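Working notes for the structure below.
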Amino acid sequence: MARSRADGKPRKQLVTALLVLVTVGALLYLYSRNTASSSIEYVSKSLKDVGWKGDESSSITEGGDDSAIPKTIPVCDDRLSELIPCLDRNLIYQTRLKLDLNLMEHYERHCPMPERHYNCLIPPPPGYKIPIKWPKSRDQVWKANIPHTHLATEKSDQNWMVVKGEKIVFPGGGTHFHYGADKYIASIANMLNFPNNNINNGGRLRNVFDVGCGVASFGGYLLSSDVLTMSLAPNDVHENQIQFALERGIPAYLGVLGTKRLPYPSRSFELAHCSRCRIDWLQREGILLLELDRLLRPGGYFAYSSPEAYAQDEEDQRIWREMSDLVGRMCWKVASKKNQTVIWVKPLTNDCYLKRAPDTRPPLCKSDDDPDAVWGVNMEACITRYSDQMHEARGSNLVPWPARLTAPPPRLADFNYSTEMFEKDTEVWQQEVNNYWTMLSNKIKPDTVRNVMDMKANLGSFAAALKNRDVWVMNVVPENGPNTLKIIYDRGLLGTVHNWCEAFSTYPRTYDLLHAWTIFSDIIEKECSPEDLLIEMDRILRPKGFIIINDKPSVVLSIKKFLPALHWQAVAISGVEQGSDQRKDDAVLIIQKKIWLTTESVRVSE
């Protein structure tokens with residue numbers, strides 16, 4: 001018995017030690033699991049420590065307080081390298097938002113409150129490289145920049161993408177066009193009897209909307225035909241498909257057909273396309289198909305490649321019958337049906353709508369409904385009739401591309417803008433862009449810039465001035481101003497509506513150049529945080545990318561003081577010196593973002 005008691009003491013010590021180790025291990029595990037959420041508090045404290053008062057006192061104002069300018073801004077946790085603040089599923093889980101998953105509400109925008117902002121710089125992933133230049137980037141990207149290879153396995157039989165060493169290669173395949181988007185596009189043109197099987201139809205087909213776009217090979221291959229595509233997909237289980245599209249240099253946007261109108265004006269696209277996009281078009285009285293109807297121009301097409309169009313099983317045939325009945329009541333007609341694809345065409349006028357029986361569903365939208373009001377507006381299960389001008393013209397009355405870019409569009413009259421105002425705006429921005437490129441001349445080559453964003457696009461003349469450069473422009477129109485986005489689409493360009501008090505719907509590191517014309521003055525007037533906007537611009541911008549700020553001299557000089565903390569450097573500045581020949585209250589600051597890398601907790605700035 002004495003021996004047993006003597007042996008029990010070391011056993012007890014051993015058990016105690018094991019319990020301590022397990023407890024410490026559990027605490028470390030819980031700490032690592034909660035790093036993302038706890039970093040909100042950590043970053044907030046860090047900003048106060050370095051002297052940034054945040055929303056309490058903005059220094060980017062007339063006579064702003066220089067003491068509020070931080071000497072440094074913290075770097076976010078490495079696991080936030082792909083953060084999209086308003087499309088963050090972790091935020092949805094943490095805040096326990098009650099969303100209808102069947103209506104895709106969890107893929108719509110849900111922005112964090114100011115106290116939950118990550119006030120830190122998003123780091124690039126380990127091994128990040130400057131993206132491959134266009135046009136080579138259409139077919140290959142660096143794997144390190146988007147380290148997700150799941151789609152290469154899941155879609156291996158459809159040729160979406162293939163991993164080859166350090167690169168991810170895109171053979172041009174898709175869910176419905178395994179053998180290449182180019183052949184599929186030619187087949188659509190052939191079905192519509194377009195001359196020479198050219199999808200642009202002599203410049204009359206310019207703007208395309210591709211819903212459920214995958215990695216956007218359809219839109220990528222349309223570019224060679226002078227056709228510009230808004231490729232749309234949600235931030236869903238198909239890992240980073242829109243990020244791949246933008247890394248390739250293809251226009252794309254994160255969004256979903258859910259409960260809200262898409263952020264595009266009515267009558268914007270000549271063609272909408274869905275290739276096995278797995279959308280239930282019959283739900284809620286066809287509300288999603290009616291949203292497409294709102295977006296299509298008079299005489300516009302919807303190309304639908306899906307089993308419902310050809311399969312012989314009972315369920316697919318039922319869906320086909322009901323869908324055919326729905327589009328018939330919407331006054332669409334079959335333009336062509338071949339193999340696995342059907343193409344419907346919209347009417348040119350309101351005549352068919354007005355001949356329907358009064359109780360026909362879906363009904364016409366109410367006369368006071370504004371089809372161009374889109375920001376935060378719920379979809380309606382109704383048909384948007386054409387304006388009197390479109391009805392009488394039997395179409396949009398747009399000239400073919402490329403003349404469309406500079407021809408005054410008919411919808412200018414909606415804003416009481418004259419032809420002379422339009423032409424003057426085009427001329428002024430051509431001069432302004434020439435000036436920008438002169439200031440950038442020692443920093444850029446023809447292939448330096450591909451993805452461009454105009455953060456306040458007005459009539460789209462900044463983008464029009466870039467017509468001879470191998471770039472595409474995301475034209476952004478503020479949600480609270482004149483909705484000139486329909487003018488931009490009528491010029492054959494692309495864009496979206498946005499509120500710059502919130503984060504933009506894109507992945508980090510997706511644009512090469514941001515043009516910020518009076519955006520900071522607008523943000524200050526709206527009493528939003530210009531400092532938050534600087535961090536958001538850093539998130540969007542690729543390393544080595546450029547920002548052009550065109551604003552009041554006082555605002556430009558205030559922003560210049562933030563450059564060291566953001567790891568940005570001034571390339572050129574004009575309009576702030578005495579005797580400047582710039583327009584009154586107009587200064588230009590051109591900035592380049594440095595490339596900086598992270599190795600765990602070590603940050604190295606080049």
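Everything quoted here is computed from the prediction, not taken from an experiment.
Screening residues 371-382 for side-chain hydrogen bond (donor to acceptor under 3.5 Å, both in side chains), with sequence neighbours left out, gives K260-N378, S266-D372, D372-K486.
Side-chain atoms of K346 come within 3.5 Å of backbone atoms of D293 as a donor-acceptor pair (strictly under, hydrogens ignored). Listed for the N475 side chain is a donor-acceptor partner under 3.5 Å among the backbone atoms of L494. Distance alone, capped at 3.5 Å, is enough to place a donor-acceptor pair between the R491 side chain and the L459 backbone. When atom types are taken as modelled, the side chain of R294 and the backbone of P371 share a donor-acceptor pair closer than 3.5 angstrom. For R509 (side chain) and R542 (main-chain N/O), no donor-acceptor pair under 3.5 Å exists by modelled atom type. Panel note: side chain N200, backbone V227; no donor-acceptor pair is recorded below 3.5 Å.
Salt bridge present: D325 and R329 bring a charged side-chain N and a carboxylate O closer than 4.0 Å. Under the 4.0 Å criterion applied to side-chain N and carboxylate O atoms, R109 and E502 are assigned as salt-bridge partners. Look at K456 and E479 and you find no salt bridge, because none of the NZ, NE, NH1 or NH2 atoms lies under 4.0 Å from a carboxylate O. For R318 and E322, the salt-bridge test passes: some basic side-chain N is under 4.0 Å from an acidic carboxylate O. The existence of a salt bridge linking R204 and E270 is excluded, since no basic side-chain nitrogen approaches an acidic carboxylate oxygen closer than 4.0 Å. With respect to the salt-bridge test (charged N to carboxylate O, under 4.0 angstrom), the residues D490 and R411 qualify. Salt-bridge formation is detected for the pair D77/R79: a Lys NZ or Arg NE/NH1/NH2 atom is positioned less than 4.0 Å from an Asp or Glu carboxylate oxygen.
Taking CD1 of I287 as the reference point, atom CG of L292 lies at 12.0 Å (rounded to 0.5 Å). Atoms CG and CG, on L271 and L205 in that order, are 5.5 Å from each other to the nearest 0.5 Å. Atoms CG and CZ, from L513 and R450 in turn, are 13.5 Å apart once rounded to the nearest 0.5 Å. Interatomic distance, N207 CG to L222 CG, rounded to the nearest 0.5 Å: 11.5 Å. Here the CG-SG distance, from D210 to C277, works out to 8.5 Å after rounding to the nearest 0.5 Å. A distance of 7.0 Å separates CG in D414 from OG in S387, rounded to the nearest 0.5 Å.
Ring-centre distance between H498 and Y253: not below the 6.0 Å cut-off. Residues F269 and Y489 bring their aromatic ring centres within 6.0 Å. The aromatic ring centres of F302 and W281 sit less than 6.0 Å apart. Taking the six-membered ring for Trp, H273 and F209 have ring centres at least 6.0 Å apart.
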Could you give me the CA-CA distance, side-chain angles and deciding distance for F170 and V162, then say whether side chain to side chain contact (heavy atoms under 4.5 Å, CB included) is met?
-> CA-CA 6 Å; F170 302 87; V162 178; over 6 Å; no
Stepwise salt bridge (Lys or Arg N to Asp or Glu O under 4.0 Å) test for R138 and D182 | CA-CA 13 Å; R138 188 196 73 171; D182 50 352; over 6 Å; no
Check against side chain to side chain donor-acceptor pair (under 3.5 Å), E82 and H148 = CA-CA 11 Å; E82 293 175 351; H148 300 284; 2.9 Å; yes
Determine, step by step, whether L533 and M537 satisfy the side chain to side chain contact (heavy atoms under 4.5 Å, CB included) criterion, reporting the C-alpha distance in whole Å, the side-chain angles of both residues, the deciding distance to 0.1 Å, and the verdict.
-> CA-CA 6 Å; L533 181 57; M537 291 168 73; 3.9 Å; yes
I would like to know whether W517 and D454 meet side chain to side chain donor-acceptor pair (under 3.5 Å); could you show each step before the answer?
-> CA-CA 8 Å; W517 172 59; D454 189 1; over 6 Å; no
Dump the intermediate steps for side chain to side chain contact (heavy atoms under 4.5 Å, CB included) on N480 and N499, then the final yes or no.
-> CA-CA 8 Å; N480 65 333; N499 176 4; over 6 Å; no
After noting the C-alpha distance and the side-chain angles of M453 and H515, does the key distance pass the side chain to side chain contact (heavy atoms under 4.5 Å, CB included) rule?
-> CA-CA 6 Å; M453 179 186 289; H515 178 236; over 6 Å; no
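Under the side-chain hydrogen bond (donor to acceptor under 3.5 Å, both in side chains) criterion, D280 pairs with no residue, sequence neighbours left out. Scored by the side chain to side chain contact (heavy atoms under 4.5 Å, CB included) test, T95 finds L91, L97, R116 as partners (sequence neighbours excluded).
In terms of heavy-atom proximity, A463 sits nearest to L493 at CB-CD1, 3.9 Å. Smallest separation of non-hydrogen atoms from N102 and D100: N-OD1, 2.9 Å. Minimum interatomic distance between R404 and L398 (heavy atoms only, all atoms of both residues): NE-CB, 3.9 Å. The nearest pair of heavy atoms linking L246 to N451 is O-ND2, 2.9 Å. In plain terms, the two heavy atoms of V449 and V452 that are nearest each other are CG1-CG2, 3.4 Å. Nearest heavy atoms, V169 versus P171: O-CD, 3.5 Å.
Within the 4.5 Å cutoff, no side-chain heavy atoms of R284 are placed close to those of M379. Two residues are said to be in side-chain contact when any heavy atoms from C-beta on lie closer than 4.5 Å; L290 and C382 fail this criterion. Looking only at side-chain heavy atoms (C-beta outward), T510 and E247 stay at 4.5 Å or farther from each other. Residues D532 and H117 are in side-chain contact: their nearest non-hydrogen atoms beyond the backbone lie under 4.5 Å apart. Side-chain contact between R385 and M390: absent, with no pair of heavy atoms (C-beta onward) separated by less than 4.5 Å. Contact check for I122 versus D538: no side-chain heavy atoms found under the 4.5 Å cut-off. With a 4.5 Å cut-off on side-chain heavy atoms, L289 and W332 count as touching. Using a 4.5 Å heavy-atom threshold, the side chains of Y511 and T506 count as touching.
More than 12 heavy-atom neighbours from other residues, nucleotides or ligands sit within 6.0 angstrom of NZ on K526. Other residues, nucleotides and ligands place more than 12 heavy atoms under 6.0 Å from the NZ atom of K129.
The side-chain tip of K136 does not point at the ring of W142 from less than 6.0 angstrom away and within 45° of straight on. At least one test fails for R539 against the ring of Y118: distance under 6.0 Å to the centre or angle within 45° of the axis.
Using cut-offs of 30° and 60° for the angle between ring planes, the W344 and W320 rings count as parallel. In this pair, Y386 and Y353 present their aromatic rings tilted. The plane angle is within the 30 to 60° band. Ring-plane geometry between W500 and F504 is classed as parallel, the angle between the planes falling under 30 degrees on a 0 to 90 degree scale with a further cut at 60.
No side-chain donor-acceptor contact under 3.5 Å links S275 and Y184. Between the side chains of T259 and E108, a donor-acceptor pair is found at a separation under 3.5 Å.
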